[in-house]
Amino acid sequence: MTTITEKLELFEVFVRSKRGLDHKHVGSLHAEDHEQALEYARDCYTRRSEGVSIWVVKSSDICASQEDDADCFYDPSDDKPYRHATYYVLPDPVNNM
Amino acid sequence: MTTPQEQNFMRKISAEEKIEPKDWMPDAYRKNLIRQISQHAHSEVIGMQPEGNWLTRAPSLRRKAILLSKIQDEAGHGLYLYSACETLGISRSEMIEQLQSGAAKYSSIFNYPTLTWADVGAIGWLVDGAAIVNQVSLQRTSYGPYSRGMIRICKEESFHQRQGYEAMLALAKGSEGQKAMAQDALDRFYWPALMMFGPHDSESAHSQKSMEWKIKRETNDDLRQKFVDQTVQQIEVLGLEHPDKNIKWNEERGHYDSSDLNWDEFWSVINGNGHCNRQRVEHHIAAHDEGEWVRDAITAYNEKKRAKKAQHAA
């Protein structure tokens, strides 16, 4: 038996809580299309005025890096400590730059 | 008479709310932002040239790796800013066209040549230092994507100034020749760094409207003063001489008094007559043209992949 959620598409929901802030991932939901997903997201994730703007994106459209591959994926950055401000030791009087 | 749209826009501005890409905004606000953000993006990209000049001649592998990382950051910052600007409805190719035709400007500081290795230190310390003063202020700009870009850039930028100062410190504490080289770089870059903040407020064409719309949060002269004040002690710690013989603490104002700048030089460089104006743009055009085959290859590959997919589906 196919359940209703299998017939619907999965959407990821992003909410901007305040103007000026980034949209942040809050969760996902099933819907027929983008318009329906927006309305469901409003009802589900912003019942207490948590947001001023919502993005919905089909989960299948998201391409994600795999955490298991993190070691080799981010490897090129590991041996470059000089990209961090704290790497540079400066005399105390000017150390707040 | 103001329309309800304009009223709503001004209400957000006065309430310190950000303007987001899909909001209604006055045409002049959009135009002003496109001018400022694209100019900022172009500066990041053109700024790679004077530093790139020393990449193959850095004095050690460590300095070379650091410089490479910094230049890589500048390219990234250009990308953040171009993307923020694109949310206003202008395309990347239009912006590049404006840079190459001279219709859009970039910061005049990059029209000065880097004559010695010490110039690379001076740029990190003074030029990035001045840019940070400006960018910290712009984190509170009224346009959301620009503000978020500034926050990200400021986070990454602090290493730029510190590596520059560290390189200057090594020279200033080195041999007589090295110290003289550091002093010479300071003498040449100090004044153009102060000019980065733009003309006096009274002479600045875009300032008043930009302040009203909170695109800019502090005036050119106030930001310049901040930089003058913070730099005095940094020069002392290096043990170098201050290039401004009139620098003097003013107890009453709580700031340093300083000499006025050579504004003839400022306008002359802005109007295309600096040492490197032509070279910088010519180099950008050449690099862009030489990259054409890469862009073509990307398009060709994508088409090939699409065709393959279509074949499988059929």
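Throughout, a chain's letter reflects where its sequence line sits, starting with A, and its residues are numbered from 1.
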For chain A, which residues of residues 160-169 of chain B have at least one non-hydrogen atom nearer than 4.5 Å to it? B:Gln161, B:Arg162, B:Gln163, B:Tyr165, B:Glu166, B:Leu169

Identify, with sequence neighbours excluded, every residue that meets side chain to side chain donor-acceptor pair (under 3.5 Å) alongside A:Arg83. B:Ser69, B:Gln72

For the side-chain hydrogen bond (donor to acceptor under 3.5 Å, both in side chains) test, which of B:Lys18, B:His40, B:Gln139 pairs with B:Tyr146?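 Per the side-chain hydrogen bond (donor to acceptor under 3.5 Å, both in side chains) rule, the option paired with B:Tyr146 is B:His40, out of B:Lys18, B:His40, B:Gln139.
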
Could you name the residues of residues 35-64 of chain A that have a heavy atom within less than 4.5 Å of a heavy atom in chain B?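 So no residue qualifies.
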
Name all residues meeting the ring-ring contact (aromatic ring centres under 6.0 Å, His included) criterion together with A:Phe11; count only those two or more places apart in sequence or in a different chain, and write none if there are none.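 A:Phe11: ring-ring contact (aromatic ring centres under 6.0 Å, His included) contacts with A:His34.
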
Contacting region of [X] [heavy-atom separation from chain A under 4.5 Å]:
X       : result
B:Lys12 : side chain
B:Ile19 : backbone
B:Asp73 : neither

Could you tell me whether [X] and [Y] make a salt bridge, using a distance below 4.0 angstrom between a side-chain N and a carboxylate O?
X        : Y       : value
B:Arg217 : B:Glu16 : yes
A:Lys7   : A:Glu32 : no
B:Glu17  : A:Lys18 : no

Quick check on the 6.0 Å ring-centre criterion: do B:Phe159 and A:Tyr87 meet it?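 Aromatic pair excluded; centres sit 6.0 Å or further apart.
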
Could you tell me the separation between the [atom1] atom of [X] and the [atom2] atom of [Y], rounded to the nearest 0.5 Å?
X        : Y       : atom1 : atom2 : result
B:Trp213 : B:Ser14 : CH2   : OG    : 14.0 Å
B:Trp54  : B:Arg57 : CH2   : CZ    : 4.5 Å
B:Thr56  : B:Lys64 : OG1   : NZ    : 6.5 Å

Donor on one side chain, acceptor on other, B:Gln225 and B:Asp229, under 3.5 Å: yes

